[in-house]
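Okay, here's the structure, questions in a sec.
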Amino acid sequence: MSDEALEILATETRLFPPSREFANQANAKKELYEQAQNNPLEFWDEQADRLQWDTRWQQTLDWSDAPVSKWFVGGKLNVAVNCVDRHVENGNGDRIAFYFEGEPGDSETITYQQLKDRVCQAANGLTQLGIKSGDRVAIYMPMIPQAVIAMLACARIGATHSVVFGGFSAEALRSRIEDANATHVITSDGGFRKGSAFALKSAVDEAVKDLAFVQKVLVVKRTAQEVSWDAKRDVWWDEVVDTQSTAHNPEFFDAEHPLFILYTSGTTGKPKGILHTTGGYLTQVSYTHNVVFDIKPATDIYWCTADVGWITGHSYVAYGPTSNGATQVIYEGTPDTPHKARWWEIVEKYGVTILYTAPTAIRTFMKWGDEFPAAHNLSSLRLLGSVGESINPEAWIWYRETIGAGKCPIVDTWWQTETGGIMISPLPGVTDCKPGSAMRPLPGISAEILNESGEVLSHNGHAGYLSLTKPWPGMLRGIWGDMERFRENYWSKFEGKYFAGDGAKWDTDGAIWLLGRVDDVMNVSGHRISTTEVESALVSHPMVAEAAVVGANDEMTGQGIVAFVILRAGSVDGPDVAKTLRDHVAKEIGAIAKPRQIMIVPELPKTRSGKIMRRLLRDVAENRTLGDVTTLADSAVMNLISAGLSATTTED
Ligand code: WT7
């Protein structure tokens, strides 16, 4: 959206204050803001006290080694005990932890008692396979209960998991396994998507074939498809896990023990392994899940539609909700299988009260039409959430009216893989909502918007860089194996402040508007993909001499990937070229990184120093008249590019 449009919305948009009914019962209280402001460390102590600790911490925050923070220093706890055992001990063993809905229509109900038994069995199984505290375990799974059980079992024994989204390719999986030196991989034969079974085990086979340090591959049987088998390396989950004792004595780990690594795209070709630790992370996700989603564990049915392969699935499926003893839905498949009302059927079937999803999904449902949600009873819903990119006001209003019957507060939650938990969001029942704005930093969180020279911008509508100015418990502790990149990436632009990579502004009411990435990172359907990563994938194909990739506005996905490619001498452009290259990117990274369009061009616009002028390419990709071209080394280039377009555009 243009700045002007935002400006208008910022000043003219309607405010949606919380209803009295909602406010009266809300978990969040207005006083939280002040409390956190006046006594930040005490505030975080209180949040940490919501968890069960084996040894209490001596110091809330040690910031002496900034930008690496230590939280709850000296404290010890076990994440799985917090997310599972304590609910059973508190008499809630019969409460449903998960309603699993498989895409083919199979379903399974898992109580907290059953979850405890299964996590303990998995912990015993992983131990039997030789996994010890501190080892890295890669998890490459569809959205099935065993994915969450595997994560919780790793946490239980102190193994650091690295979940790799099941949509990533064998090559992407290989580089992540290698970077983290994961000794074990947990996967499944495959999963169900779009009405048929897809394979995962074969990608693992491909990924680990030259990685001698990978000792065992543990395989869940989900689809019963044929898999190839290495008897020395591969073991079945039902043989190694389901046969174990359900008794397991948990060990307690230091608050700073590494809990997981999750890879995310940066501005270079190599994904960053974002490192999160134990006590601070769990404190933050548990606190935010409680206040932002207003969770009432005894009565709510919560559904976050994210896959565990992303941070949202870590913080708001695997850890936050379970730490609060919530009942949740997990769904394996796509929203239009077998019909376009599948999600609404699920909401009705389970009586979902809280729904957390992404703007790209909301826009897709808008396009499909109101008849699909209208065919189901959605009156159980009482709170809606959005994450992944700014939600455009039109989609916000549709979500509120058509899904939320005009009565549900909408929490637009801004955060990142790096922040661990939600940072900016309205507090339902407390904060007013404005369609399109994430409103304000949560209690305990300090954000500023800075201009290029680091000056703090006030509530005046001027766009700048979003920065987080005080440490928070769930913050990343580093980039796995590359602490220099950690400092450089997040802490060098503004002295002592965390640079998020997002543009933002405050409107005159003091509401924050997120304006998109300011670096070479694209946001496609709420997923982060770096332009450089896609460029590297393209130039690794023998036909390609040079490539430049930009994110162009896309009505459905937020941004779409548009690639400008120069072919090598001898490679001829033809109808198959774009398809070949798109398939090649899917093989190198995964289907989510496939360019929406590939344009074969004779030249790329460069400055005299040789830097590609992506701004001009974005103009072309978005069909705009070109901006300032005076810094172009060769001003004829853009004519050449514009003239040669169109023939090579492809779309699925
Ligand atoms: C980037 C982080 C946080 C979980 C999903 C993505 C964008 C995320 C919002 C929002 C505007 C948003 C930002 C951010 N983003 N939520 N509510 N409004 N932008 O996690 O892959 O780490 O990406 O997503 O650009 O930096 P991620």
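This is a predicted model, so every value here is computed, not measured. For ligands, and for the atoms within them, numbers begin at 1 and follow the listed sequence.
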Q) Which one holds for E389 and ligand 1: side chain close, backbone close, both close, or neither close, with close meaning a heavy atom under 4.0 Å? A)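 For E389, only backbone atoms sit under 4.0 Å from ligand 1.
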Q) Counting heavy atoms only, which of I512, T312, L514, N523 is nearest atom 5 (C) of ligand 1? A)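 The option holding the nearest heavy atom is T312.
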Q.
Keeping R477 on the side-chain end and H276 on the backbone end, is there a donor-acceptor pair under 3.5 Å?
A.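 A pair under 3.5 Å: no.
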**Q.** Basic-acidic side-chain contact under 4.0 Å: E103, R193
**A.**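 Salt bridge: no.
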(Q) Counting only heavy atoms closer than 4.0 Å, does ligand 1 sit against the backbone of I311, its side chain, both, or neither? (A)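 It is the side chain that touches ligand 1; the backbone stays farther off.
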**Q.** ligand 1 to T264 polar contact by distance, N or O atoms, under 3.5 Å
**A.**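 In this structure, T264 places no N or O atom under 3.5 Å from an N or O of ligand 1.
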Q | atom 3 (C) of ligand 1: nearest protein contact (heavy atom, Å) | A |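 Scanning the protein heavy atoms, the shortest distance from atom 3 (C) of ligand 1 goes to W415 O, 3.1 Å.
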(Q) Under a 4.0 angstrom heavy-atom cut-off, which atoms of ligand 1 come close to T413? (A)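 Atoms satisfying the 4.0 Å criterion: 9 (C), 10 (C), 16 (N), 17 (N).
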Q) Among all residues two or more places apart in sequence or in another chain, which pass the ring-ring contact (aromatic ring centres under 6.0 Å, His included) test with W506? A)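 Testing W506 for ring-ring contact (aromatic ring centres under 6.0 Å, His included), a comparison that skips the adjacent residues, returns H459.
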Q) Does a salt bridge link K434 with D509, judged by any charged N lying under 4.0 Å from a carboxylate O? A)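 Yes, this pair counts.
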**Q.** For D412, the ligand 1 atoms whose distance to one of its heavy atoms is below 4.0 Å
**A.**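 Going through ligand 1 atom by atom, the ones under 4.0 Å from D412 are 10 (C), 17 (N).
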Q: Check each heavy atom of R517 against ligand 1 and say whether those closer than 4.0 Å belong to the side chain, the backbone, both or neither.
A: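 Only the side chain of R517 comes within reach of ligand 1.
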(Q) For ligand 1 and R528, I'd like to know whether there is a polar contact (N/O to N/O, distance under 3.5 Å). (A)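 Checking ligand 1 against R528, an N or O pair does fall under 3.5 Å apart.
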Q. Is any NZ, NE, NH1 or NH2 atom of the basic residue among D554 and R596 found under 4.0 Å from an Asp or Glu carboxylate oxygen of the other?
A.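 Looking at R596 together with D554, the answer is yes, because their closest N to O distance falls below 4.0 Å.
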Q.
Using 30° and 60° as the class boundaries, would you call the ring planes of H289 and F293 parallel, tilted or perpendicular?
A.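 Plane angle between 30° and 60°, so tilted.
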**Q.** Residues V562, V549; criterion side chain to side chain contact (heavy atoms under 4.5 Å, CB included); working and verdict
**A.** CA-CA 6 Å; V562 178; V549 167; over 6 Å; no
(Q) Would E418 count as being in polar contact with ligand 1, using the rule that some N or O on each side must be under 3.5 angstrom apart? (A)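 It does not: no N or O of E418 is found under 3.5 Å from an N or O of ligand 1.
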Q) Would K493 and E452 pass as an ion pair if we require N to O under 4.0 Å? A)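 Salt bridge present between K493 and E452.
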Q: Identify whether the distance between the nearest side-chain nitrogen and carboxylate oxygen of E418 and R528 falls below 4.0 Å.
A: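 Salt bridge: yes.
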Q) Please state which protein non-hydrogen atom is closest to atom 6 (C) of ligand 1 and give its distance, to 0.1 Å? A)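 Sorting protein heavy atoms by distance from atom 6 (C) of ligand 1 puts G526 O, 3.9 Å first.
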Q) Identify the closest protein heavy atom to atom 11 (C) of ligand 1: which residue and atom is it, and at what distance? A)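 Protein heavy atom with the smallest distance to atom 11 (C) of ligand 1: S390 N, 3.0 Å.
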Q) Is the centre of the W71 ring less than 6.0 Å from the centre of the W472 ring? A)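 No.
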**Q.** G388 to ligand 1, any heavy atom closer than 4.0 Å
**A.**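 Yes, G388 has heavy atoms under 4.0 Å from ligand 1.
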Q. Is there a nitrogen or oxygen of D502 sitting under 3.5 Å from a nitrogen or oxygen of ligand 1?
A.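 For ligand 1, there is an N or O atom that lies under 3.5 Å from one belonging to D502.
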Q. Any idea which protein heavy atom is nearest atom 22 (O) of ligand 1, and the distance to it?
A.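 So the nearest neighbour among protein heavy atoms is T417 OG1, 2.5 Å.
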